[in-house]
Asker: 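The structure follows.
Each chain gets a letter, A, B and so on, in the order the sequences are listed, and its residues count up from 1.
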Amino acid sequence: MSSISLIANDPSRFDPLSLDQLQATADYEGMDRVVGLPDLHAGNGIAVGAVFWSRSRIWPHLVGSDIGCGMSLWETTSPLRKFRLGTVERKLQGLDAPWSGNGQAALTEAGLPPELASPALGTIGGGNHFVEFQRIEVVADEARFAALGLRHDRVWMMVHSGSRGLGQAVLQAHRQLEISRGIPKKSPEATAYLAQHDAALGWAVVNRQIIAKRFCESLGIDGRKVLDICHNSVSPHQGGWLHRKGAAPADQGLVTIPGSRGDFSYLVEPIADNADKALHSLAHGAGRKWSRKDAHARLSRRFNIADMQRTALGSHVICEDRRLIFEEAPHAYKDIGMVIADLEGAGLIRVIAKLRPLLSYKTRAA
DNA sequence: ATGTTC
């Protein structure tokens with residue numbers, strides 16, 4: 001039994017269902033602290049946009065099946081003034097197919113077992129995963145931006161993907177009969193889960209790396225990684241274990257917080273002073289406002305596919321799956337400006353820059 | 001979320 005802290009200027013905005021889900025996990029025996037972040041929303045049983053800390057136990061299903069899912073942000077070598085939407089769209093082909101490179105070598109190089117290679121390595125996957133090309137809209141902190149050596153005259157690229165089937169297999173193998181019981185932290189079961197969890201985490205990083213490389217190669221450009229963070233994980237923290245379920249780390253340097261595909265994304269710097277009240281974590285995005293089912297039901301009635309292929313900010317969307325394009329519509333997500341304001345209000349972040357979407361790539365395969 | 005699915 002533990003208390004819940006909510007990070008929001010106006011906590012009454014939270015969906016009651018997400019709060020019920022958060023309460024249910026706060027009631028787990030052995031749970032010590034639970035935090036709901038500004039992007040909190042109801043998940044498949046477990047609230048997303050939340051952090052859980054326990055002195056004594058580990059709950060694999062609080063991390064979920066997409067272990068290591070996260071965001072990487074790249075400053076490409078492509079000058080912004082040369083960016084042509086039509087040309088770029090035309091060049092992005094074959095990216096849903098398995099990667100033709102050597103997956104085993106890529107994993108070995110990262111210190112991971114080569115037998116974890118699979119055809120999914122180097123592919124985005126489905127759901128809310130994407131690759132997005134962006135431009136710097138506003139630099140909020142010029143001094144910090146310059147000190148980091150960042151450039152506003154380049155095309156930027158954001159990758160959101162995870163560990164695909166691997167993370168799911170790991171959760172499957174360690175699924176608890178009674179979910180709320182979890183695993184005692186020093187048990188052989190915990191050791192076994194954590195080893196596989198760490199491998200899935202590493203796999204997801206390699207996956208994002210290969211995805212970025214493939215997208216750059218198809219455009220004939222290069223890029224440098226500004227950051228790579230994962231928002232589904234469990235890690236040792238203050239003598240216990242910190243579970244992040246759709247929560248970005250606030251203790252690993254720069255963080256990007258993406259809005260929906262029709263909204264801005266942010267490059268932010270975590271502020272250490274107040275970090276503990278949010279369990280050293282930040283929102284991982286805007287958070288859903290509508291479930292996938294609701295989004296499809298409401299939007300497919302009012303809009304056609306062509307409406308969905310453009311956003312209010314003028315960006316284009318490549319998504320040839322006609323269900324997914326509605327499920328992931330900007331309308332289904334909360335206002336990212338509100339999420340950022342909540343984090344600023346709590347003294348958790350300083351905004352460095354705001355990025356405008358140019359082109360969001362989901363899938364060409366229907 | 002998913003080498004997914006009757």
Asker: Identify whether the distance between the nearest side-chain nitrogen and carboxylate oxygen of A:R13 and A:D342 falls below 4.0 Å.
Answerer: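 Looking at A:R13 and A:D342, the cut-off is met.
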Asker: Taking side chain to side chain contact (heavy atoms under 4.5 Å, CB included) as the definition, give me every residue that meets it alongside A:A110, ordered by chain and number, with sequence neighbours left out.
Answerer: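 Once residues adjacent in sequence are excluded, the partners of A:A110 under the side chain to side chain contact (heavy atoms under 4.5 Å, CB included) criterion are A:L112, A:V206.
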Asker: Scan residues 43-53 of chain A against DNA chain B and write down, sorted by residue number, each residue with any heavy atom closer than 4.0 Å; if none is found, say none.
Answerer: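 Of all residues in residues 43-53 of chain A, none places a heavy atom under 4.0 Å from DNA chain B.
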Asker: In terms of side-chain geometry, is the basic nitrogen of A:E89 or A:R84 positioned less than 4.0 Å from the acidic oxygen of its partner?
Answerer: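 No salt bridge links A:E89 with A:R84.
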Asker: May I ask you to check if A:R135 and A:W156 form a cation-pi contact, with NZ or CZ under 6.0 angstrom from the six-membered ring centre and within 45° of the axis?
Answerer: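 Output no; distance or angle outside limits.
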Asker: Strictly by modelled atom types, are A:T363 and A:D321 linked by a side-chain donor-acceptor pair under 3.5 Å?
Answerer: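 No, no side-chain donor-acceptor pair sits under 3.5 Å.
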Asker: Would you tabulate the nitrogen or oxygen pairs shorter than 3.5 Å linking the protein to nucleotides 3-6 of chain B?
Answerer:
| residue | atom | partner | partner atom | Å |
| --- | --- | --- | --- | --- |
| B:dG3 | OP1 | A:G165 | N | 3.2 |
| B:dG3 | OP2 | A:R164 | NH1 | 2.7 |
| B:dG3 | OP2 | A:G165 | N | 3.0 |

Asker: Is it true that A:H129 and A:D66 share a donor-acceptor pair across their side chains at a distance under 3.5 Å?
Answerer: yes
Asker: Using a heavy-atom cut-off of 4.0 Å across all strands, would you classify A:G64 as base, sugar-phosphate, or nothing?
Answerer: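 No contact at all - A:G64 keeps every heavy atom at 4.0 Å or more from the nucleic acid.
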Asker: How is A:G167 classified with respect to the nucleic acid when contacts are heavy atoms under 4.0 Å: base, sugar-phosphate, or nothing?
Answerer: nothing
Asker: Looking only at side chains, do A:R33 and A:S3 share a donor and an acceptor under 3.5 Å apart?
Answerer: no
Asker: Between A:D198 and A:Y193, does any side-chain donor sit less than 3.5 Å from a side-chain acceptor?
Answerer: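 Per modelled atom types, A:D198 and A:Y193 side chains form no pair under 3.5 Å.
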Asker: Within residues 323-336 of chain A, find the residues that approach DNA chain B with a heavy atom at under 4.0 Å, and present them sorted by residue number.
Answerer: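 DNA chain B contact set from residues 323-336 of chain A: none.
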Asker: Please name all residues satisfying side chain to side chain contact (heavy atoms under 4.5 Å, CB included) with A:S65, sequence neighbours left out, ordered by chain then number.
Answerer: A:Q168, A:L171
Asker: May I have the list of side-chain donor-acceptor pairs in residues 177-188 of chain A shorter than 3.5 Å, sequence neighbours left out?
Answerer:
| residue | atom | partner | partner atom | Å |
| --- | --- | --- | --- | --- |
| A:K185 | NZ | A:R55 | O | 2.8 |
| A:K185 | NZ | A:G239 | O | 2.7 |
| A:S187 | OG | A:P184 | O | 2.7 |
| A:S187 | OG | A:A190 | N | 3.1 |

